[in-house]
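The chains referred to below are lettered A, B, ... by the order of the sequence lines, with proteins before strands, and numbering in each begins at 1. Predicted model, so just to flag it, every value in this text is computed and none were measured.
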Number of protein chains: 2
Amino acid sequence: MTNYQRLEARFRQINRLSDVRSIIGWDEAVVMPEGASPYRNDAMAELGVVIQNLVSSPEVGEWIAGAETEGEWQTANLREMRRIFIENTAVPAELNQRATVARMNCEQQWRKLRGENNWKAFLPYLQEVLDLTRQTTAELRKHNGLSAYDTALSQFSPGLSTGAVDSLFGELKSFLPGMIQDVVAKQANETCLQPEGVFPMAAQKALGLELMAAVGFSFKNGRLDESHHPFCGGNPRDVRITTRYNEGEFVSSLMGVLHETGHALYEQHLPEEWLTQPVGAACGMSVHESQSLFMEMQVCRSHEFLTFAAPLIRKHMAPFVKNPESLETENLVKLVSRVKPGYIRVDADEVTYPAHIILRFEIERDLMEDRWPLAELPGVWNEKMKSYLGLSTLGNDKDGCMQDVHWPSGAFGYFPAYTFGAVIAAQLFAKMQTELPGVRNDIAAGHFETVRGWLNKNIWSQGTKVHTMETVAAAAGPLSASAFKAHLRARYL
Amino acid sequence: MTNYQRLEARFRQINRLSDVRSIIGWDEAVVMPEGASPYRNDAMAELGVVIQNLVSSPEVGEWIAGAETEGEWQTANLREMRRIFIENTAVPAELNQRATVARMNCEQQWRKLRGENNWKAFLPYLQEVLDLTRQTTAELRKHNGLSAYDTALSQFSPGLSTGAVDSLFGELKSFLPGMIQDVVAKQANETCLQPEGVFPMAAQKALGLELMAAVGFSFKNGRLDESHHPFCGGNPRDVRITTRYNEGEFVSSLMGVLHETGHALYEQHLPEEWLTQPVGAACGMSVHESQSLFMEMQVCRSHEFLTFAAPLIRKHMAPFVKNPESLETENLVKLVSRVKPGYIRVDADEVTYPAHIILRFEIERDLMEDRWPLAELPGVWNEKMKSYLGLSTLGNDKDGCMQDVHWPSGAFGYFPAYTFGAVIAAQLFAKMQTELPGVRNDIAAGHFETVRGWLNKNIWSQGTKVHTMETVAAAAGPLSASAFKAHLRARYL
């Protein structure tokens with residue numbers, strides 16, 4: 001066996017055990033009885049140690065150093081193996097251990113202190129996570145030669161740089177605050193009916209399943225279940241998405257299901273022949289989010305999609321709705337495109353969402369680069385919220401800088417992926433339309449093969465052959481905000 | 001660390017990864033989408049290799065050889081570790097591999113050829129499994145000094161011997177064939193109404209859940225789901241039982257649920273402080289089966305239990321039954337104690353079941369000891385069926401010697417556990433009654449704490465501190481068939 005073949009065999013092992021881990025993770029969120037929790041934590045930690053040992057053992061480093069490859073997939077695979085090996089070995093075990101404990105403590109405190117709106121008590125926990133994240137990042141930087149924040153970004157979206165984020169977000173900042181005001185003013189004069197009634201979970205689920213199947217989700221290789229926080233889990237040939245039902249309102253859950261279906265379609269179409277190797281995995285969180293937002297924002301909130309879906313929505317929901325006119329296509333289109341600035345990121349609409357992300361990016365970049373003390377976070381947050389969305393969070397940290405789990409869990413550098421996803425999705429959709437001029441008609445007719453074919457060729461089948469920016473560029477040219485801007489204008493103004 | 005402490009740490013690791021494996025096994029049977037199957041098989045095999053390496057690595061043997069223990073639990077734990085180590089190392093890897101492949105092939109062929117009633121084509125596959133089972137058993141015998149069939153028995157029920165089985169089954173044979181005829185004659189003159197109607201799955205499930213909770217199943221540490229073959233899986237703090245619903249008939253599924261609940265209660269009450277160690281596990285399949293049959297046969301098919309349960313059965317089933325008189329207590333009692341000799345073991349009632357097992361024991365003992373050629377199996381089976389149950393299987397091997405998955409899967413030595421379970425259950429119940437004279441009244445009143453307390457003290461809390469026969473003897477004296485015989489007489493004659 002060559003060194004490269006040894007690496008493939010090792011990463012195949014790692015991949016299989018990671019598949020087990022992902023199913024066990026789904027189980028914990030969806031079906032595990034609560035009394036099992038402490039035992040399950042021990043079991044997951046043990047499995048984590050096994051996987052970690054397989055990734056980081058010294059022979060892997062030797063094989064990587066001595067490996068030779070032919071062909072672009074193999075070469076890209078070796079590049080990913082090297083990246084994973086460094087991420088798993090660069091940080092001394094003792095530091096890693098301290099960081100893990102700090103994150104667990106901080107998350108635990110966050111669950112309690114957020115409800116109490118208690119920033120003062122929360123600060124030292126978050127400070128420790130930030131300090132240790134800076135230290136672990138410093139260890140990684142010895143190997144990758146990147147800045148602290150570039151290192152943070154590349155852990156979630158390989159190839160993303162502070163410069164690229166700054167430039168894209170600069171474009172967005174130039175028009176978004178004004179556009180938000182225009183859209184809000186325009187919508188103030190529109191009537192939009194909220195469907196009223198009690199919509200049983202079973203009916204909501206049946207509708208979700210029908211639309212998932214329509215857009216192409218394979219139930220032979222996946223499931224839909226319920227969990228407290230919706231997610232897309234499992235593994236590429238066993239993709240498990242979840243949602244949460246509110247019987248008073250069905251549109252949010254439905255759009256959530258279609259969002260997760262976008263993630264799922266990406267996973268279900270990753271290249272079969274590279275599925276057990278790093279290069280066969282999805283290309284980071286920005287591209288992953290682009291696929292969920294492509295499905296949710298570009299396809300499913302469009303007039304064309306709702307033309308197709310409205311009869312199905314009525315089929316499932318008409319028996320329960322008190323105001324049937326709310327289920328007419330034109331009203332549904334309005335319903336899924338309401339814009340309202342608010343405090344909470346996860347509740348934000350497509351137009352105001354980027355403002356939440358830009359704010360977080362500017363703050364986490366500064367924090368990672370140590371530009372101002374963490375104690376100033378509530379003040380900085382408040383100023384930026386006022387400036388971007390016209391809302392004050394003074395004294396309301398619960399709905400301000402304490403609202404997200406990302407920083408308590410050490411995920412600095414994750415947030416830009418959400419807005420990169422939205423912008424990439426718009427650019428991909430625009431490009432697809434120039435190549436397939438009839439695609440909007442296909443969507444209105446409920447024919448999604450053309451959309452799937454295009455995404456499969458340009459994104460899904462590519463795995464991680466190249467990184468974020470090159471993946472987008474190869475599919476739809478260099479990334480910019482212009483398609484996203486045009487999309488927002490067309491839909492909202 | 002002492003050698004014993006090293007062993008505890010190693011077996012704790014093994015236990016945690018085995019917990020993961022059991023949950024993944026449940027997932028495969030209950031929720032996995034079918035397209036995931038080949039990937040899941042690879043993942044399970046990989047996890048199996050990891051666990052196998054941890055069990056069988058040379059240092060484990062060295063630690064065992066050099067370990068010293070104090071206290072009965074530690075000593076028993078070391079004994080179990082040694083037993084597990086030998087079971088995992090005695091057979092050369094190459095032979096083990098061949099045996100695994102032969103079993104997989106034979107099981108696969110069995111699924112197809114049983115339906116075709118094709119013994120001739122099946123014979124060579126079963127022959128190979130039998131040959132390789134004899135060879136692997138021969139390797140184990142070098143370490144344990146037991147006979148071939150004793151070795152087979154002890155893999156499923158540690159401490160069970162051919163002599164003990166022969167003696168107990170001899171007792172049963174002396175009265176069962178005659179008793180079966182008497183019971184059938186007596187029941188021929190009784191009327192027993194089958195509940196008629198369509199009983200929705202949801203109603204059946206609700207009834208099952210209510211009765212599970214009543215007898216003490218902890219839903220904080222377990223679940224009820226559906227699968228093709230009912231089983232009790234998961235792990236002691238996450239016990240997952242399954243059933244199958246037939247909307248035309250609810251009693252079988254209900255009794256199945258209560259049977260699995262018996263297994264589950266044992267698991268849920270294994271000793272907390274030894275849960276991660278071999279000695280904290282259930283004491284083999286005979287004792288495990290005694291717990292499910294204690295619940296199903298001794299408790300739940302009793303007049304007292306049905307006095308308590310009948311109102312709950314009516315609460316859930318009355319809306320769907322066409323003949324409400326069939327849900328009256330006296331009729332339900334008759335319904336759960338019908339006796340009818342039949343071909344199929346898994347459909348057999350309490351009185352005829354032992355005949356199916358005695359037949360299988362006599363055959364598999366002979367096969368393991370190589371007393372006659374496997375080609376004679378259909379003839380031997382037919383003779384014994386005629387003699388014990390008055391039924392001929394001539395030309396009907398599908399419902400004869402090809403009906404069970406046990407032999408194709410290499411599980412020679414398992415069958416006696418079923419009837420040992422039934423006999424142990426009767427003896428435990430009789431002993432409990434002498435110690436707790438009011439226990440039948442408690443059952444009729446729906447108070448199961450006394451039953452649980454007694455089982456917990458005598459069986460559940462004991463783990464594998466001693467083996468099958470000593471466990472029974474400590475709880476209820478030396479095992480014999482007399483309590484079982486008295487139980488059958490009291491219920492059926």
Side-chain angles (χ1 to χ4, degrees), chain A residues 9-28 30-51 53-54 202 217-225 233-241 264 267-268 270 272 275-276, chain B residues 9-28 30-51 53-54 202 217-225 233-241 264 267-268 270 272 275-276:
Chain A
R10 174 60 62 92
F11 276 88
R12 195 175 301 119
Q13 272 186 294
I14 293 164
N15 178 269
R16 286 169 178 169
L17 295 173
S18 302
D19 279 1
V20 167
R21 175 156 63 179
S22 69
I23 295 298
I24 289 288
W26 172 90
D27 184 275
E28 185 174 340
V30 177
V31 295
M32 186 186 79
E34 60 161 311
S37 186
Y39 306 88
R40 177 63 64 86
N41 291 345
D42 288 344
M44 281 294 262
E46 198 69 58
L47 183 58
V49 168
V50 170
I51 294 173
N53 288 343
L54 286 171
F217 183 94
S218 163
F219 287 97
K220 200 178 151 233
N221 290 96
R223 300 176 47 90
L224 168 67
D225 295 278
N235 53 64
R237 292 303 172 260
D238 187 356
V239 181
R240 301 184 177 193
I241 71 170
E267 291 286 323
Q268 289 187 332
L270 287 166
E272 181 74 33
L275 224 47
T276 66
Chain B
R10 173 60 64 92
F11 276 87
R12 195 174 302 120
Q13 271 187 295
I14 293 164
N15 178 270
R16 286 169 177 167
L17 295 173
S18 302
D19 279 1
V20 167
R21 175 157 63 178
S22 68
I23 296 298
I24 290 287
W26 172 91
D27 184 275
E28 185 174 339
V30 177
V31 295
M32 186 186 80
E34 60 162 310
S37 187
Y39 306 88
R40 177 63 63 85
N41 291 346
D42 288 344
M44 281 294 262
E46 198 68 57
L47 183 58
V49 169
V50 170
I51 294 173
N53 288 342
L54 286 170
F217 184 94
S218 163
F219 288 97
K220 203 179 148 232
N221 290 97
R223 300 174 48 91
L224 168 67
D225 296 279
N235 52 65
R237 294 303 171 259
D238 188 354
V239 181
R240 301 183 176 192
I241 71 171
E267 292 286 321
Q268 289 187 332
L270 286 167
E272 181 74 33
L275 225 46
T276 65

State, to 0.1 Å, how close A/V31 and B/R223 come at their nearest heavy-atom pair, and which atoms those are.
O-NH1, 2.9 Å

Working to the nearest 0.5 Å, report the span between CD of A/E46 and CG of B/L17.
5.5 Å

side-chain hydrogen bond (donor to acceptor under 3.5 Å, both in side chains) involving A/R21 - partner list, sequence neighbours excluded
none

Report which part of A/V49 has an atom under 4.5 Å of a heavy atom belonging to chain B: side chain, backbone, both, or neither.
neither

Given heavy-atom pairs under 4.5 angstrom as the criterion, report whether the side chain, backbone, both or neither of B/V239 touches chain A.
neither

Could you give the distance from CG (A/D27) to CD1 (B/I24), rounded to the nearest 0.5 Å?
7.5 Å

Option that, when pairs with chain A are counted at under 4.5 Å, heavy atom only, ranks first among B/N15, B/D19, B/D42
B/D42

Check each atom of A/L275 against the heavy atoms of chain B and say whether the ones under 4.5 Å are side chain, backbone, both or neither.
side chain

Who wins among B/I23, B/D225, B/N235 for the most heavy-atom pairs under 4.5 Å with chain A?
B/I23

So what's closer than 4.5 Å to chain A heavy atoms on B/V50: side chain, backbone, both or neither?
side chain

Tell me the residues of residues 32-40 of chain B whose non-hydrogen atoms fall below 4.5 Å from those of chain A, in number order.
B/M32, B/P33, B/E34, B/G35, B/A36, B/Y39, B/R40

